[in-house]
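The structure appears below as structure tokens.
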Amino acid sequence: CEQTNRLGKMESSLASFLCLWICFIVFASTSNGCSEIPVVENAEVSESSKKAQYSDDDTLDYNCVSGHVSPRKIIYKCSNNKWIKLRGDKCTLKPCESPEDIPNGRYIVESGRNFVFGTTIKYICNDGYQIMSRYDTRTCREGGWDNQLPACEEVSCERIAPDGNIRVEGLPDHSEDLIRSGHRLTFSCVDNRLIVRGQKEIICQSNGEWSSPIPTCVEATCLPQWSTTVGHLKIEGLPDIEGPVKPGHRLTFSCTGEGMKLNGQRDITCQSNGEWSSPFPKCQEIACEEEPLTNIEILFGHPVIDSPYKPGHILLFRCIDVNLKLNGRRAIECQSNGEWDYPYPTCRGMKHIYIYYNNVYIYIYIHIYIYYNNVYIYIHIYICMYIYAKKKKTMTSWYSWALISHCSGYTKLTCKATVLLKF
């Protein structure tokens, strides 16, 4: 039994020894080499350089990733358990050659810069030319610019083949001639009883399309608005059957609703050219127009001063300067036809009366006006006296006074007078 215990202890010691020996061997093998591989931006270790373990003098060769290049091969070497860089530069974006120019066009950089890997350029044609290739962009790839160089060809519009009823002027003499941008065609009808429906002139545009569809020749008719009442507008004379109306047909218009007036012609006629003699009129609310004010202001308005001015609206005016005289009616009223009963008044320099006695000038300015029916009476009297000093040869104001009387009331006239006297 004792011998068995000794054998067990010997086996245990031997196992421990072997474990320590293995650990030593592993430690020695790892401590005498390079472990962590260096990371190089935009580069990868070549497959031929990869190993499970690296010892002194082992090397790593790096290859740049797609779209990148380095002027020299990038190599690292294991020395004294450390990686050192033997040679090589950074991996940078691979450049492409300068893009080619194209006749009658140019290119712009759409994305990227310096014409390196990933940069995209777009070709644009000059006015009057258009890209005829499938692609108008090129991108810098690893092998250079992709896609073929596009071409700009002169823009031309499709040649028109008119029918027998329409006449076209401006087509090139030869069928193989191009119809270039800016070319104009004019149309007319062979039969004088027909009219051109559509644009009588079209232009070949820079995109190779005509500015408008090709017109046609049709019987001269006018297109009415198929509703007897549009808003407040009433239309009389519409045919029983919807459709174009022939020349000579007349429509009559009127307004429905109180306070509305017709703006435009009351009667219009379909003409031989297929157009109405005048545009369709419109109904609008009756109101008198507001006119510009010069040296005059609105003192009072009934019911209000501000527009709109509907029938029955009254405006009362006054000059903005007491030295001006009002010409015209001081009060005007908007009539039921949308017109003022009198024109807007104006203000001009006021005439005055002066008296000269014993080197004294007396100036008298008088404003008197009366408006009857909802009475407003305003009286302004201004008297100024000046003394003339012979020695100084100047005019000196001695005193002035003003009498102002104001009367107001819609049904009953009441007056208040105030005397202002200054010496």
Side-chain angles (χ1 to χ4, degrees), residues 104 124-132 152-256 260-284:
N104 305 311
I124 301 175
C125 295
N126 298 337
D127 290 341
Y129 292 83
Q130 62 184 349
I131 294 285
M132 299 303 295
C152 288
E153 296 184 7
E154 193 171 8
V155 172
S156 62
C157 290
E158 183 181 358
R159 191 180 183 90
I160 293 173
D163 58 29
N165 290 327
I166 196 163
R167 182 187 298 112
V168 185
E169 296 180 6
L171 286 173
D173 296 332
H174 304 287
S175 59
E176 63 272 10
D177 292 342
L178 295 178
I179 300 179
R180 295 176 171 85
S181 174
H183 195 93
R184 296 173 181 267
L185 297 180
T186 56
F187 299 87
S188 59
C189 294
V190 177
D191 191 339
N192 293 332
R193 294 171 298 179
L194 304 179
I195 63 170
V196 175
R197 180 75 73 192
Q199 295 296 323
K200 294 182 179 181
E201 183 181 80
I202 61 175
I203 304 173
C204 179
Q205 302 177 111
S206 58
N207 60 356
E209 300 290 338
W210 290 106
S211 57
S212 298
I214 308 304
T216 57
C217 284
V218 297
E219 184 182 2
T221 56
C222 297
L223 297 175
Q225 190 166 352
W226 289 103
S227 179
T228 56
T229 304
V230 182
H232 293 280
L233 183 66
K234 183 180 179 181
I235 307 175
E236 298 177 9
L238 288 174
D240 296 333
I241 301 176
E242 291 189 10
V245 296
K246 295 183 178 182
H249 194 94
R250 176 177 293 183
L251 297 179
T252 302
F253 301 88
S254 59
C255 291
T256 61
M260 306 298 293
K261 70 174 182 178
L262 193 69
N263 184 11
Q265 296 295 322
R266 183 171 297 277
D267 296 299
I268 63 174
T269 304
C270 179
Q271 303 177 112
S272 59
N273 61 357
E275 297 180 359
W276 292 102
S277 57
S278 297
F280 274 44
K282 296 180 180 179
C283 287
Q284 62 183 29

Checklist entry - What's the shortest heavy-atom distance between Gly128 and Ser181, and which atoms? => result CA-CB, 4.4 Å

Next on the checklist: Nearest 0.5 Å, please: how far is OG1 in Thr221 from CZ in Arg197?
Outcome noted: 4.5 Å

Next on the checklist: Counting only heavy atoms from other residues, nucleotides and ligands, does the tally under 6.0 Å from CD of Gln199 exceed 12?
Outcome noted: no

Item to check | Heavy-atom neighbours of Arg159 CZ exceed 12 at 6.0 Å | outcome: yes

Checklist entry - When rounded to the nearest 0.5 angstrom, what distance separates OG in Ser278 from CD in Gln265? => result 4.5 Å

Next on the checklist: Using 0.5 Å steps for rounding, measure from the CZ atom of Arg167 to the OG atom of Ser188.
Outcome noted: 4.0 Å

Checklist entry - Just wondering, do Leu171 and Ile179 contact through their side chains at under 4.5 Å, heavy atoms? => result yes

Item to check | Pairs flagged by ring-ring contact (aromatic ring centres under 6.0 Å, His included) wherever residues 153-172 is involved - sequence neighbours left out | outcome: none

Item to check | Ser272 versus Ala220, closest heavy-atom pair with distance | outcome: O-CB, 3.3 Å

Checklist entry - When you look at CG of Asp127, are more than 12 heavy atoms from neighbouring residues, nucleotides or ligands closer to it than 6.0 Å? => result no

Checklist entry - Trp210 and Gln205: which non-hydrogen atoms are nearest, and at how many Å? => result O-NE2, 3.4 Å

Checklist outcome for this item: Between the NZ atom in Lys282 and the CZ atom in Phe253, the distance rounded to the nearest 0.5 Å is 12.5 Å

Next on the checklist: Quick one, Pro215 and Ile166 - any side-chain contact, counting heavy atoms below 4.5 Å?
Outcome noted: yes

Next on the checklist: Within a 6.0 Å radius of atom CD on Gln271, are there more than 12 heavy atoms belonging to other residues, nucleotides or ligands?
Outcome noted: yes

Item to check | Pairwise distance SG(Cys152) to CG(Asn126) - rounded to 0.5 angstrom | outcome: 7.0 Å

Checklist entry - Taking C-beta and beyond as the side chain, do Thr252 and Asp267 meet within less than 4.5 Å on heavy atoms? => result yes

Checklist entry - Is there side-chain contact between Val245 and Leu251, with heavy atoms separated by less than 4.5 Å? => result no

Checklist entry - Between Leu262, Asn263, Thr256, which is the residue that forms a side chain to side chain contact (heavy atoms under 4.5 Å, CB included) with Leu233? => result Leu262

Checklist entry - Between His183 (side chain) and Gly170 (backbone), is there a donor-acceptor pair under 3.5 Å? => result yes

Checklist entry - From Lys200 NZ over to Ile202 CD1, what is the distance, rounded to the nearest 0.5 angstrom? => result 14.5 Å

Checklist entry - Considering only heavy atoms from C-beta outward, does the side chain of Gln284 approach that of Lys261 to under 4.5 Å? => result yes

Checklist entry - Where is the tightest heavy-atom contact between Cys283 and Ser254, given as atom of each residue plus distance? => result SG-O, 4.0 Å

